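Proteins come first, then strands; the chains are lettered A, B, ... in the order of their sequence lines, and each starts at number 1. Bear in mind the structure is a predicted one, so any value in this text is a computation, not a measurement. Worth knowing before you read on, the calculation uses all heavy atoms, side chains too, and leaves out hydrogens, waters and symmetry mates.
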Number of protein chains: 2
Amino acid sequence: MSAPRRGRRPGAPDTRAAILAAAREGFAASGFSRTSVRSVAAAAGVDAALVHHYFGTKDDLFVAALALRVDPREALLPVVEGGLDGAGERLLRVFVSVWDDEETRLPLLAVVRGIAEPAGQRLLRDGVMRMVLGPVGEALGLDDAPRRMTLVASQLVGLVVVRYLLAVEPLASMPSEQLVATYAPVVQGFLDGVLPG
Amino acid sequence: MSAPRRGRRPGAPDTRAAILAAAREGFAASGFSRTSVRSVAAAAGVDAALVHHYFGTKDDLFVAALALRVDPREALLPVVEGGLDGAGERLLRVFVSVWDDEETRLPLLAVVRGIAEPAGQRLLRDGVMRMVLGPVGEALGLDDAPRRMTLVASQLVGLVVVRYLLAVEPLASMPSEQLVATYAPVVQGFLDGVLPG
DNA sequence: GATTGATTTCATCATGCGATGAATTGTGCG
DNA sequence: CGCACAATTCATCGCATGATGAAATCAATC
């Protein structure tokens, strides 16, 4: 019951990292607007002002919490390098491996949780869709690339929402191998199948 | 510039309906938590207290705004009655027709926008998934119905998010016929195709 | 024409939010 | 030791929110 005194703490606790971790969990669990600076501070066992002291505004904290050390373009390189054959399966493999790693899942969840907020929508539409999936479609040399990649995106978005965000069973607990095997044909069909119209 | 005086207004304006319409648009456009009672009141050209007077708490207003006159179970009857053959296409047809009608789209969008909020997640998982899609799978007599219906759900969720929520082109403007033709085979495959594992 | 009740706004409360600036306590360096 | 600086909390501001109760205005009934 040591009442938290004022001033600097004894020892060398990495409070900054603690705040960052708490922010990551909060944003991943509740999204941006429903995660308050105060709640992050509480989870880190710290006063709210300290969060601002380290990270500035709440937006700054958010982008700090988002920082992944995985460049999506780089991670997707093997997908496009292998050519169109089997691209669906390779894409899904990369996708699932990233999402099943907690380290990367938390920031991604935070982004996806912003799906209902204006800024989050822009991030998803312009950032993820246009700057990540778009180039993949171009690099694969697809005809009607925008349409095909949007279809692929809809498939992946559905997977993310149902498996990782809503956690609906049995999809949430399905082993990744089975997941890849289930979705790969569909994605491949969107990539090189015949499109109606 | 008639400063809104106090007291009852002249004429017989259906203010209650105006509030309800404003609420529907607000909730559909911004979701529950980001739509304030005050903003609804402003959109209806009315004081915030009046909203409470007519509808009680904000939660009450939300459920009032959600009331659809379409019972999902009923709308899905033709899907299950036709048997497994072509069920994917029929399901998609019902789905798209409901979502392309503005009357029904607004409430549905409001629900989907709650995808990031705890209460909304429960509604989607337990309400939509379990009470709507679940029975369809059972009625179709699917083997491994939970798995198949969850896969179908992931496909439909992805479609909803990309087309109606994020409005990513060219999916957002794709004619419904083309949409059905594109997705029907995939849904049908989830329903009666061979599942790995 | 007076009364009653429905409709509408005003004033206000309590709460939680993001943010800032001052004050306090510890660490490390000379 | 003493001094500068970093780390930390406290007190507070301004704002928006959901909600309530009283007052004012209009319509309808007797």
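Residue B:Arg163 holds its CZ atom at 4.5 Å from CG of B:Leu179, rounded to the nearest 0.5 Å. Expressed to the nearest 0.5 Å, how far CG of A:Asp192 lies from CZ of A:Arg148 amounts to 7.0 Å. We find the CG-CZ distance between A:Leu142 and A:Phe190 to be 13.0 Å, quoted to the nearest 0.5 Å. Rounding to the nearest 0.5 angstrom, the gap separating the CG atom in A:Leu20 from the CG atom in A:Asp14 is 9.5 Å.
Rounding to whole angstrom units, NE2 of residue A:His52 and C1' of C:dG18 are separated by 5 Å. Put simply, CZ on B:Phe55 is 16 Å from C1' on D:dG18, counting in whole angstrom units. Counting to the nearest Å, the P atom of D:dA7 and the CZ atom of A:Arg16 are 9 Å from each other. For the pair B:His53 NE2 and C:dT7 P, the interatomic distance rounds to 6 Å; values are reported in whole Å. The CG atom of A:Leu50 sits 5 Å away from the P atom of D:dT8 (whole-angstrom rounding).
When the nearest nucleotides of DNA chain C are assigned to A:Ala48 and B:Ala48 by heavy-atom distance, the more 5′-ward of the two goes with B:Ala48.
Under 4.0 angstrom from either OP1 or OP2 of C:dA19 there lies at least one side-chain N or O belonging to A:Thr57. For the pair A:Tyr54 and D:dA6, the criterion of a side-chain N or O lying under 4.0 Å from OP1 or OP2 is not met.
Set against C:dC10, D:dT8, D:dA19, the side chain of B:Lys58 has D:dA19 as its closest nucleotide. The side chain of A:Ala49 lies closest to C:dG21, out of C:dC10, D:dA19, C:dG21.
Inspection of the A:Asp60 and A:Tyr54 side chains reveals no N or O donor paired with an N or O acceptor under 3.5 Å. A donor and an acceptor atom, one from each side chain of A:Ser173 and A:Glu169, are located under 3.5 Å apart. Inspection of the A:Tyr183 and B:Ser154 side chains reveals an N or O donor paired with an N or O acceptor under 3.5 Å.
Listed by residue number, the members of residues 18-37 of chain A with any heavy atom below 4.0 angstrom from DNA chain D form an empty set. If you check residues 59-67 of chain B against DNA chain C, you find no residue with a heavy atom closer than 4.0 Å.
Atom CG of A:Asp85 sits in a sparse spot, with 12 or fewer heavy atoms from other residues, nucleotides or ligands closer than 6.0 Å.
Between the side chain of A:Ser39 and the backbone N or O of A:Thr35 there is no donor-acceptor pair closer than 3.5 Å.
Put simply, the side chain of A:Arg38 and the base of C:dG16 share no donor and acceptor less than 3.5 Å apart.
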